[in-house]
Amino acid sequence: MTSPLALLGGTPAVTAPAPHFTWPHLTSDTADAVLAQLQAGISIYDRSGVIAELEDALCDYHGVKHAVLTSSGTAALHSVYAACGIGPGDEVIVPAYTFYATATPLLHLGAIPVLADCNDTGNLDPANVKQRITPRTVAVMVTHMWGTPADMDALTAITADHDLLLLEDASHAAGARITGRKAGTFGDAAAFSLNGPKPLSAGEGGFVLTDDDEIFYRVLLHGHYNKRCRTEIPPSHDLYPYAVTGMGLKFRIHPLAAIIALSQIANLDDNLHGRQAIATRMRETLRGLPGITVLDVPDGVTPSWYGMVLRYQPDDLGGLPIERFYGALKAEGCLEVDRPGSTCPLNLHPLFQAPAPLLPHRADLPTYAPGQFPRAEAFHRNALKLPVWHREEDIPLADAYTHAFTKVTDHYRDLTG
Ligand SMILES: *Cc1c(COP(=O)(O)O)cnc(C)c1O
């Protein structure tokens with residue numbers, strides 16, 4: 001008996017040559033801008049040139065008072081925590097399901113990451129956050145996973161009730177919105193990554209957003225010593241005497257990275273609009289398939305579609321293991337379908353289970369174990385991630401991918417037994 005499935009000798013559903021997805025979308029304008037920056041200067045110590053232009057563009061785009069560029073998203077997160085005065089003994093509630101850099105800077109500030117479980121969409125569950133508040137809790141950090149904003153109404157209410165800081169890791173979610181309000185503008189401060197595949201990309205880089213002057217000054221003091229602190233912190237401010245050394249770390253972005261992000265931000269809304277159209281088309285096809293759950297997007301929410309995560313439901317397909325389903329999709333030519341690996345529940349990482357060999361001075365840290373975050377772990381185990389394309393000419397490829405899903409679910413019986 002033969003099967004049309006490529007895994008069993010049939011013809012693949014996706015035949016387009018690789019690569020199937022590249023990001024960021026670089027144009028000749030980007031190349032021209034990089035060459036011009038090479039001439040203009042590749043080392044910028046103050047808030048001038050491309051640094052000022054990009055920070056101004058970020059402030060305008062988000063409608064916030066301050067933006068500070070950094071060398072990475074990890075650095076931006078570190079600066080946010082440090083600038084908020086988070087230190088030894090302080091507990092910060094972070095999502096169990098996030099990229100680890102959401103939480104790891106806390107380990108270097110003496111603070112304690114307290115993991116909280118997610119809801120059915122993979123985002124932080126406000127009810128679970130509430131249960132984890134103690135007298136030592138100082139802040140809640142929320143990640144907008146895969147670009148879909150978390151439940152900010154509920155999280156804002158909880159943090160306001162308990163007088164906690166609300167912080168955002170919006171690395172996946174540049175340009176994502178809840179009824180027009182952009183991710184990264186709900187809390188006291190937000191950190192973004194500008195790393196390669198992120199919706200807004202500089203290749204490498206990051207930034208902090210805040211409306212709070214005090215947090216802004218301390219972000220500068222944390223990672224931007226000397227010139228920037230001396231020119232941007234008022235001489236009358238209590239902390240001005242520290243301007244030369246700051247706190248001693250240097251987290252500046254490279255000007256060539258900044259110029260790439262500046263050329264990208266001009267097209268961000270257009271690109272996200274294109275993604276939204278293709279995401280809608282893909283979801284319509286995928287929604288009807290057995291074994292596949294398309295995540296809800298609440299009314300009024302516009303994701304950035306950093307990824308489209310589907311929940312695989314083996315029970316609907318005769319118990320077909322996800323490994324086998326995934327293998328069949330890969331054989332169909334879906335090179336970009338992914339089972340996210342390093343972005344997994346933090347309690348599954350050795351650093352959170354047994355930090356002592358790397359952080360011997362942190363004997364106070366909780367030691368996490370598998371099984372403690374059942375919803376995050378189930379979400380992760382059954383997650384299949386698709387890229388979301390943004391150009392009209394990508395529609396045939398997006399259709400070929402959803403066709404491959406249809407084909408594998410139609411013929412799942414050939415893979416069982
Ligand atoms: C990418 C990412 C980071 C880290 O950013 P880098 O620029 O790689 O340091 C942090 N949090 C989330 C959610 C991310 O996706």
Side-chain angles (χ1 to χ4, degrees), residues 3-23 25 120-122 145-148 172 176 197 199 270-298 301-318 320-340 343 379-416:
S3 165
L5 290 178
L7 189 65
L8 303 175
T11 309
V14 184
T15 53
H20 287 171
F21 184 82
T22 56
W23 191 266
H25 183 63
D120 287 344
T121 67
M145 284 304 285
W146 306 117
T148 300
H172 293 181
D270 281 350
N271 291 345
L272 295 188
H273 198 74
R275 281 185 176 186
Q276 179 61 42
I278 293 185
T280 302
R281 184 182 177 95
M282 292 167 71
R283 283 161 56 84
E284 269 163 22
T285 303
L286 295 167
R287 191 177 278 125
L289 300 181
I292 299 295
T293 300
V294 172
L295 301 184
D296 283 340
V297 177
V301 168
T302 312
S304 67
W305 297 113
Y306 176 51
M308 179 184 292
V309 173
L310 308 168
R311 296 193 73 166
Y312 179 66
Q313 311 280 1
D315 292 351
D316 295 348
L317 299 179
L320 182 71
I322 187 167
E323 292 78 9
R324 189 95 169 124
F325 186 81
Y326 179 66
L329 288 169
K330 287 283 188 194
E332 292 300 333
C334 296
L335 307 176
E336 292 289 340
V337 175
D338 185 30
R339 297 186 66 200
T343 300
F379 188 94
H380 172 64
R381 197 160 43 244
N382 296 315
L384 290 169
K385 181 167 72 77
L386 284 170
V388 179
W389 294 268
H390 73 282
R391 299 174 307 179
E392 241 166 55
E393 67 234 58
D394 295 322
I395 290 175
L397 188 55
D399 286 351
Y401 268 65
T402 53
H403 173 65
F405 272 77
T406 307
K407 185 178 164 188
V408 175
T409 55
D410 278 353
H411 295 278
Y412 82 89
R413 284 195 181 82
D414 299 351
L415 296 167
T416 56

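All values derive from a computational prediction rather than experimental measurement. Numbering of residues begins at 1 and proceeds along the displayed sequence.
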Inspect the surroundings of [atom1] in [X] and state if more than 12 heavy atoms from other residues, nucleotides or ligands are less than 6.0 Å away.
| X | atom1 | result |
| --- | --- | --- |
| His273 | NE2 | no |
| Glu323 | CD | yes |
| Asp410 | CG | yes |

Expected output: side-chain [X] to main-chain [Y] donor-acceptor under 3.5 Å:
| X | Y | result |
| --- | --- | --- |
| Arg324 | Thr416 | no |
| Lys330 | Leu7 | no |
| Tyr401 | Leu335 | yes |

Got [X] and [Y] here, is their nearest side-chain heavy-atom distance under 4.5 Å?
| X | Y | answer |
| --- | --- | --- |
| Leu386 | Phe21 | no |
| Asp399 | Arg281 | yes |
| Thr148 | Thr121 | no |
| Met145 | Thr343 | yes |
| Leu295 | Leu310 | no |
| Phe325 | Tyr412 | no |
| Leu384 | Arg339 | yes |
| Asp120 | Phe379 | no |

Could you give the distance from [atom1] ([X]) to [atom2] ([Y]), rounded to the nearest 0.5 Å?
| X | Y | atom1 | atom2 | result |
| --- | --- | --- | --- | --- |
| Asp316 | Thr293 | CG | OG1 | 7.0 Å |
| Tyr326 | Asp338 | OH | CG | 5.0 Å |
| Thr15 | Leu397 | OG1 | CG | 9.5 Å |
| Arg275 | Asp394 | CZ | CG | 10.5 Å |
| Leu5 | Arg413 | CG | CZ | 12.5 Å |

| message | Tell me every residue that passes ring-ring contact (aromatic ring centres under 6.0 Å, His included) with His411, counting only those two or more places apart in sequence or in another chain. | response |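 Scan of His411 (ring-ring contact (aromatic ring centres under 6.0 Å, His included), adjacent residues dropped) gives none.
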| field | Tyr306: partners by ring-ring contact (aromatic ring centres under 6.0 Å, His included), with sequence neighbours left out | value |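 Tyr306 satisfies ring-ring contact (aromatic ring centres under 6.0 Å, His included) with Trp146, His172 only.
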| All salt bridge (charged side-chain N to carboxylate O under 4.0 Å, His left out) counterparts of Arg381, not counting sequence neighbours |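 Counting only residues at least two positions away or on another chain, Arg381 forms no salt bridge (charged side-chain N to carboxylate O under 4.0 Å, His left out).
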| When the ring centroid of His390 is compared with that of Trp305, is the distance short of 6.0 Å? |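 No, the ring centres sit 6.0 Å or more apart.
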Check [X] against [Y] and note the closest heavy-atom contact, atom names and distance.
| X | Y | result |
| --- | --- | --- |
| Glu332 | Ala404 | CB-CB, 3.9 Å |
| Ala383 | Val309 | CB-CG1, 3.9 Å |
| Val408 | Ala328 | CG1-CB, 3.8 Å |
| Lys407 | Ala13 | NZ-N, 4.2 Å |
| Pro12 | Ala331 | CB-O, 3.8 Å |
| Asp414 | Pro4 | OD2-CD, 4.2 Å |

| task | Walk me through it: do Ile278 and Met282 pass the test side chain to side chain contact (heavy atoms under 4.5 Å, CB included)? | result | CA-CA 6 Å; Ile278 293 185; Met282 292 167 71; 3.7 Å; yes
| query | Does the side chain of Gln276 come under 3.5 Å of the side chain of Thr280 through a donor N or O and an acceptor N or O? | reply |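 Short answer, yes.
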| field | Chi angles and distances behind the side chain to side chain contact (heavy atoms under 4.5 Å, CB included) call for Arg283, Val297 | value | CA-CA 11 Å; Arg283 283 161 56 84; Val297 177; 3.8 Å; yes
